[in-house]
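Quick notes on the structure that follows.
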Amino acid sequence: MRNLRRILDIKWKDHVTNNTVIERTGVPSLFTLLKQRRMRWLGHVTRMEDGCILKDLLYGELASGRRPTGRPQLRFKYTCKCDRKQLTFDINTWEAAAVDRSAWRWKVQKGLQQFKDDQKRQGEDNRLQRRSRPLSDAPA
């Protein structure tokens, strides 16, 4: 965001929101770009033949073993699963859609557009809540 603001010559005193900067540049946010790349890769792996190492790693489960105590580490597989949920892919239909490349691309684009809109709306709502909150530390 800092580099985009520098390119557009937006100063800190201008009070321009991040959503406005992203709209002016026409560049997708980093979150959207990463989700798009993960979903494209997930579709590619789904279309691979059975027995491929990547596909076995993605769909595989451990037969035995113990996990260490504490919070589990974030895995790429879990991140892809969360992306599918956020992009409103049904667990039963996403693999069928991934087989057809054009349908998969359309679903990913549609889901990413909805994600962008939700993210923008959530940012605006948070901003309005911050603005409407009374200042308790203000001097009388």
Side-chain angles (χ1 to χ4, degrees):
M1 289 307 295
R2 182 185 304 155
N3 291 331
L4 291 177
R5 287 175 185 274
R6 193 175 294 152
I7 289 170
L8 294 175
D9 196 32
I10 298 173
K11 305 291 186 236
W12 180 72
K13 294 179 183 179
D14 295 340
H15 299 288
V16 178
T17 63
N18 290 341
N19 288 337
T20 307
V21 172
I22 289 174
E23 286 176 6
R24 286 186 191 177
T25 58
V27 176
S29 70
L30 189 60
F31 296 116
T32 307
L33 191 63
L34 289 173
K35 283 184 186 302
Q36 179 187 19
R37 299 278 169 98
R38 279 192 296 261
M39 295 309 289
R40 286 175 61 191
W41 182 83
L42 192 62
H44 177 69
V45 171
T46 304
R47 287 186 296 272
M48 287 182 178
E49 297 175 6
D50 291 337
C52 186
I53 295 173
L54 286 176
K55 194 168 185 176
D56 290 343
L57 286 174
L58 183 66
Y59 288 106
E61 295 290 330
L62 289 177
S64 64
R66 290 185 54 186
R67 292 178 179 260
T69 58
R71 179 176 179 255
Q73 291 183 353
L74 188 62
R75 305 274 189 234
F76 186 74
K77 180 178 178 178
Y78 180 73
T79 307
C80 289
K81 189 176 185 179
C82 290
D83 285 344
R84 280 196 330 252
K85 287 181 183 178
Q86 285 181 343
L87 298 180
T88 63
F89 284 121
D90 187 22
I91 193 70
N92 298 327
T93 62
W94 77 271
E95 289 177 332
V99 172
D100 182 16
R101 291 180 99 170
S102 60
W104 179 249
R105 284 183 182 174
W106 181 80
K107 279 193 161 211
V108 168
Q109 286 176 354
K110 183 180 165 187
L112 286 172
Q113 186 61 42
Q114 185 178 6
F115 173 73
K116 283 188 219 177
D117 295 342
D118 291 345
Q119 193 177 28
K120 181 179 175 182
R121 190 177 324 107
Q122 184 180 13
E124 290 171 358
D125 291 345
N126 290 344
R127 184 171 181 260
L128 289 175
Q129 284 180 354
R130 282 194 310 269
R131 296 286 179 187
S132 65
R133 194 177 324 151
L135 296 175
S136 61
D137 299 335

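Start at 1 with the first residue, then count along the sequence. All values below were derived from every heavy atom in this structure, side-chain atoms included, with hydrogens, water molecules and symmetry-related copies excluded.
For the pair Trp104 (side chain) and Met39 (backbone), a donor-acceptor distance under 3.5 Å is present. Lys77 contributes a side-chain N or O that, together with a main-chain N or O of Gly60, makes up a donor-acceptor pair within less than 3.5 Å.
Once rounded to the nearest 0.5 Å, the distance linking CE of Met48 with CG of Asp56 reads 10.5 Å. Here the OG1-NE2 distance, from Thr46 to His44, works out to 10.0 Å after rounding to the nearest 0.5 Å. Atom CG in Asp9 sits 11.0 Å away from atom CD1 in Ile7 (nearest 0.5 Å). Distance check: Arg84 CZ to Arg38 CZ gives 12.5 Å after rounding to the nearest 0.5 Å. Between the CZ atom of Arg5 and the CG atom of Asp14 there is a distance of 9.0 Å, given to the nearest 0.5 Å.
The closest side-chain donor-acceptor pair between Arg121 and Asn19, if any, does not fall under 3.5 angstrom. Residues Gln113 and Asp117 have side chains that bring a donor and an acceptor to within less than 3.5 angstrom of each other.
Shortest non-hydrogen contact noted between Ala98 and Gly43 is CB-CA, 4.2 Å. Smallest separation of non-hydrogen atoms from Gln36 and Leu112: CB-CD1, 3.4 Å. When all heavy atoms are compared, the tightest approach of Asp83 to Lys35 is OD1-NZ, 2.7 Å. Minimum interatomic distance between Thr79 and Leu74 (heavy atoms only, all atoms of both residues): OG1-CG, 3.9 Å.
Within 6.0 Å of OH in Tyr78 there are 12 or fewer heavy atoms belonging to other residues, nucleotides or ligands. Taking a 6.0 Å sphere around CZ of Phe76, one finds it holds more than 12 heavy atoms contributed by other residues, nucleotides or ligands. Crowding of Lys120 atom NZ: a count of heavy atoms from other residues, nucleotides or ligands under 6.0 Å not exceeding 12. Annotation for Trp106: atom CH2 does not count as buried by contact number, only 12 or fewer foreign heavy atoms lying within 6.0 Å. Other residues, nucleotides and ligands contribute over 12 non-hydrogen atoms within 6.0 Å of the CZ atom of Arg47.
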- [ ] In sequence, state the C-alpha distance, the side-chain angles, and the governing distance for Gln119 and Thr32, and then conclude on side chain to side chain contact (heavy atoms under 4.5 Å, CB included).
- [x] CA-CA 10 Å; Gln119 193 177 28; Thr32 307; 4.1 Å; yes

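Cluster note: Leu4 groups with Met1, Leu8, Ile10, Val16, Val21, Ile22 through ILVMFWY side-chain heavy atoms spaced under 4.5 Å, whether in direct contact or through intervening members. When hydrophobic side chains of Ile, Leu, Val, Met, Phe, Trp and Tyr are connected at separations under 4.5 Å, Leu128 ends up as a singleton with no cluster partners.
Between Asn3 and Arg6, the closest side-chain pair of non-hydrogen atoms falls below 4.5 Å. The closest side-chain heavy-atom distance from Leu58 to Leu42 is below 4.5 Å.
Screening Asp125, Asn126, Asp118 against Gln122 for a side chain to side chain contact (heavy atoms under 4.5 Å, CB included) leaves a single residue, Asn126.
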